[in-house]
Amino acid sequence: MNYWLIKSEGSCYSIDDLARDCKAAGKKGAVPWTGIRNYQARNFMRDGMKAGDLVLFYHSNGTPADPAGVYGVARVASGPHIDLSALDKKDMHFDPKAVQYEKEGKAPLWSCVDMAFVEKFAHPVDLVEIKRDPALAGILVAKTGQRLSVMPVSEKHFKRIAEVGNRK
DNA sequence: GCCAACGTTGGC
DNA sequence: GCCAACGTTGGC
């Protein structure tokens, strides 16, 4: 069992959106986490994530009203599969190179997994809090210049953030 | 909205 | 294969 952190712009796709879409997905209860166009992030998703892994849901690009931070927890709900949004010309994350891969019968250029909503924290654990907490020293998301949208988290750090987020 | 940090692209 | 130019991310 591994632990991860995924980022999303809160104003673009928040944990509330994930909760809504997972509910709308019915029995499946999960949505494909598409649009990742960074090789390292893709590799973490495609090669590292296993169904059942728990994932911190981080909102990036915060505002004073909705600060950047971890807002809740999701769960990996599938193994890796092709990210169809890369083949969709109308999609924001369309990639002609992925179409080329498809034509040549290669393995998909971009893959993703399904994500299920687990919980929204009683209060978000914002970046300031994360950086200030000695129990979270060394966590990747607090590192300057860290732009990965999918990254591993240690079990210790995962549990600490979940504990702080659900406190009170 | 600024800008530092980073990944990717493409000329050579 | 180097590296400058460019685009993007994301904190502030």
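Note that the structure is a prediction, hence the values are computed from the model and not measured. Only heavy atoms go into these numbers, but all of them, side chains included; no hydrogens, no water, no symmetry mates.
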* Structure fact -> Protein-proximity profile, nucleotides 1-11 of chain B, B/S/- by nucleotide at the 4.0 Å heavy-atom cutoff, equals ----BBSSS--

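- Annotation: the span from A/His59 atom NE2 to A/Ile6 atom CD1 amounts to 9.5 Å, rounded to 0.5 Å.
- Within a 6.0 Å radius of NZ in A/Lys28, other residues, nucleotides and ligands contribute more than 12 heavy atoms.
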Sequence neighbours left out, cut at 3.5 Å: what donor-acceptor pairs do the side chains of residues 67-79 of chain A make with other protein atoms?
residue : atom : partner  : partner atom : Å
A/Tyr71 : OH   : A/Pro67  : O            : 2.7
A/Ser78 : OG   : A/Asp114 : N            : 2.9

Name the atoms and distances for all side-chain donor-acceptor pairs under 3.5 Å in residues 154-163 of chain A, with sequence neighbours left out.
residue  : atom : partner  : partner atom : Å
A/Ser154 : OG   : A/His157 : N            : 3.1
A/Ser154 : OG   : A/His157 : ND1          : 3.3
A/Glu155 : OE2  : A/Lys159 : NZ           : 2.6
A/His157 : NE2  : A/Ala137 : O            : 3.3
A/Arg160 : NE   : A/Asp133 : OD2          : 2.7
A/Arg160 : NH2  : A/Asp133 : OD1          : 3.4
A/Arg160 : NH2  : A/Asp133 : OD2          : 3.0
A/Glu163 : OE2  : A/Arg167 : NH2          : 3.0

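- Taking a cutoff of 4.0 Å between a charged side-chain nitrogen and a carboxylate oxygen, A/Lys50 and A/Asp53 do not qualify as a salt bridge.
- Of the two residues near DNA chain C, A/Val128 and A/His93, the one whose nearest nucleotide lies more 5' is A/His93.
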